[in-house]
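Below is one structure, written out as structure tokens, with a few remarks after it.
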Amino acid sequence: MHEEQVIGEVVGVTAGALRLRIDIAATASLKDNPDPVIAASGTLGSLVKVLSADRWVVATLRGITWQDNVAIAEVDLVGEAGIADDRSIMRFSRGVGTYPRAGSFAYPMSSPESARVFSGDDRPHIQVGVVYPTASVRAAVFFDTFLSKNFAIVGSTGTGKSTSTALILHRIIEKAPEGHVVMIDPHGEYAKAFANTGIVFNVENLQLPYWLLNFEEHCEVLLTSEGSARDMDRDILARCLQMARSKSVYAEGLGAVTTDTPIPYTLSSLADALQAEMGKMSEAQNATNYMRIRGKLDQVMRDPRQQFMFDRRYSNDTMADFIARMLRLPVDGKPISVIDLSGVPTSIVSAVVSVLSRIVFDFAVWSRGERRRPVVLICEEAHRYIPNRTISTRSSVRDVLERIAKEGRKYGVSLGLVTQRPSDLAEGALSQCGTIISLRLNNERDQDFVKAALPEGGKSLLEAIPALRNRECIISGEGVPAPIRVRLDELEPAKRPMSDDPVFSELWVKTGDDSDMLDRVITRWRQNVR
């Protein structure tokens, strides 16, 4: 243990912070110390320990001001630890129960002590980077609390958000190769990243049976009207959908069949029900509503882009096979399902995300009593699917994801939200996340939104968010021993998502192959084959 040197004195105490009178000469004398953590003493983000009765109180330096020729530091309380025989810290725990008195001395932390705080204890954990401002202290994320209590990864475009998400998922599945992860990938970025550890589903092989949609998701796909006309259309579709499901051979022996019962029915049965109901109209009624729904049904049945869902061949009971493929049951060495939605028509993307998310949740609800198989559902571009109500007043997918955020933990479903616009998320979405990983955020509104969601003790770190470098982040919440600033590990090229920015200076000096390239692109475009 290094010889202890006093670097400050407590001159103020609040519930979450201390004020220290910093000894400038003492901190200057440590700047050449071979231990880089000790050498950083007195700088922004450095760690100090303060004696409080028979415990060490650990704190991190947030800022320094010069008052009356005295350097005053604001330090945020991180936690407390026991005192080892050599006076180093041991058995760190989050939170402070005994506060230092005014006049207590502050001492610098060493690298081994910092590792005892941030690098994980005997609890299962993954290590994702290096703690700032150290050069070697590893940053640990507690495996179980990170996954079980939801998490969010936020950051402006180009800050390394997708690569950070891939890094964390790779670390997780290395720790738990028999896991079950479902990744909603709207831009097709992650197929490359998980080529060896996951299965990629897209419009070519998704084979999502239309009858798995519940009534609200049917409405989202088949109804185009608004206002009072939509209310009438909903009533018509509800009657006809229930008729179609009730006529299914799979309805025998089930008792009551509702519009949400996940049993196969044929599209022709739904079309026949619409025709039959239209034939029962009185003279005072209008056929427009029926014709509008029937026209939309015919459209989706003919649209080749929607055949991954509305194919007549999907009228058999393939529910067990679909759930097994999506949730990796069994895993077979591929614990991640990447759902590539880049080829899905924009008009039905929300319905597709809704039914996939709901199946994950409903399976967890109905499988209670069985051996638990926790599932992690990751939503990239989460603000598109769980928007706040000022952006979208009607959204079946938002309702599903909000329910998972609030109730998923009870059933073994964890939600991971990845977004560059946290301020566009539904109210309370971030507050349901036990751990928040924030890369650089350039928008002040987004910064304020994240700050409001961060737990006490991590808010002061938010001041550094606009100044974070790429691959740097603030991690706060229950998934880490204490709020930390981290330089994330660099991911091997083969494991990175396809989200690199174009290099204009290189690409705009090349020429040739334009005509052949256009032919190839247009052919794929027209054939809807990527």
Side-chain angles (χ1 to χ4, degrees), residues 1-2 4-22 26-27 30 35-64 73-123 125 130-134 136-142 454-461 464 474-486:
M1 176 68 184
H2 64 277
E4 289 186 309
Q5 179 169 358
V6 175
I7 60 170
E9 180 182 5
V10 175
V11 294
V13 181
T14 65
L18 303 176
R19 299 181 77 233
L20 303 180
R21 182 190 297 117
I22 294 295
T27 57
L30 296 173
D35 185 327
V37 175
I38 297 175
S41 298
T43 63
L44 195 67
S46 60
L47 292 166
V48 298
K49 59 182 184 180
V50 180
L51 199 60
S52 177
D54 59 347
R55 305 281 286 170
W56 284 118
V57 169
V58 178
T60 181
L61 195 149
R62 185 201 333 163
I64 301 177
E74 299 285 340
V75 294
D76 291 324
L77 298 177
V78 174
E80 59 185 18
I83 303 175
D85 292 339
D86 61 357
R87 288 184 59 80
S88 66
I89 71 166
M90 65 177 186
R91 295 191 301 274
F92 172 81
S93 62
R94 196 165 181 171
V96 175
T98 304
Y99 290 88
R101 296 175 180 272
S104 299
F105 293 132
Y107 302 89
M109 294 265 287
S110 67
S111 289
E113 289 178 308
S114 299
R116 288 171 206 157
V117 174
F118 296 119
S119 297
D121 48 26
D122 55 353
R123 295 162 60 185
H125 63 272
V130 177
V131 177
Y132 175 90
T134 76
S136 59
V137 175
R138 301 291 290 162
V141 175
F142 293 133
L454 282 174
E456 290 298 328
K459 292 185 177 180
S460 64
L461 286 172
I474 304 296
I475 309 180
S476 182
E478 298 183 55
V480 285
I484 43 176
R485 178 173 172 177
V486 179

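FYI, side chains are in, hydrogens and waters are out, and symmetry mates aren't considered; it's all heavy atoms of this structure.
The two residues Ser111 and Val137 have their closest heavy-atom pair at O-CG2, 3.8 Å. Minimum interatomic distance between Gly79 and Val96 (heavy atoms only, all atoms of both residues): O-CG2, 3.8 Å. When all heavy atoms of Glu478 and Phe142 are compared, the pair lying nearest together is O-CD1, 4.2 Å. For the pair Val480 and Ala140, the tightest heavy-atom approach, listed with the atom from each and the gap, is CG1-O, 3.6 Å. The shortest heavy-atom contact between Ser119 and His125 is O-NE2, 3.4 Å.
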Residue pair Arg138, Val130: steps toward the side chain to side chain contact (heavy atoms under 4.5 Å, CB included) verdict: CA-CA 5 Å; Arg138 301 291 290 162; Val130 177; 3.9 Å; yes

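Using modelled atom types and a 3.5 Å distance limit, the side chains of Asp35 and Ser110 yield no donor-acceptor pair.
In this structure a side-chain-to-backbone donor-acceptor pair under 3.5 Å is missing from Arg101 to Val13. Although no hydrogens or angles enter the test, the distance criterion places a donor-acceptor pair under 3.5 Å between the side chain of Ser52 and the main chain of Tyr99.
For the atom pair OG of Ser46 and CZ of Arg62, the computed distance is 13.5 Å after rounding to the nearest 0.5 Å. From Leu61, atom CG reaches atom CG of Leu20 across 7.5 Å, with rounding to the nearest 0.5 Å. Separating the OG atom in Ser41 from the CG atom in Leu30 is a distance of 5.0 Å, to the nearest 0.5 Å. Distance OG1/Thr60 to CD/Glu74: 12.5 Å, rounded to 0.5 Å. Rounding to the nearest 0.5 angstrom, the gap separating the CD1 atom in Ile7 from the CE atom in Met109 is 10.5 Å. Note: Phe92 CZ to Phe118 CZ = 6.5 Å, rounded to the nearest 0.5 Å.
Applying the salt bridge (charged side-chain N to carboxylate O under 4.0 Å, His left out) test to every pair with at least one member in residues 6-17, sequence neighbours left out, gives these pairs: Glu9-Arg21.
In this structure, Ile484 and Ile474 have side chains that are not in contact, with every pair of non-hydrogen atoms separated by 4.5 Å or more. The closest side-chain heavy-atom distance from Pro108 to Val37 is not below 4.5 Å. Side-chain atoms of Arg87 and Leu51, non-hydrogen and from C-beta on, do get closer than 4.5 Å to each other. The closest side-chain heavy-atom distance from Pro481 to Arg116 is not below 4.5 Å. Within the 4.5 Å cutoff, no side-chain heavy atoms of Leu47 are placed close to those of Val117. In this structure, the side chains of Val6 and Tyr107 come closer than 4.5 Å at one or more pairs of heavy atoms.
Applying the ring pair (Phe, Tyr, Trp, His ring centres under 6.0 Å) rule to Phe105 yields no partners; only residues at least two apart in sequence or on another chain are considered. Applying the salt bridge (charged side-chain N to carboxylate O under 4.0 Å, His left out) test to Arg55 and every residue at least two apart in sequence or in another chain returns Glu80.
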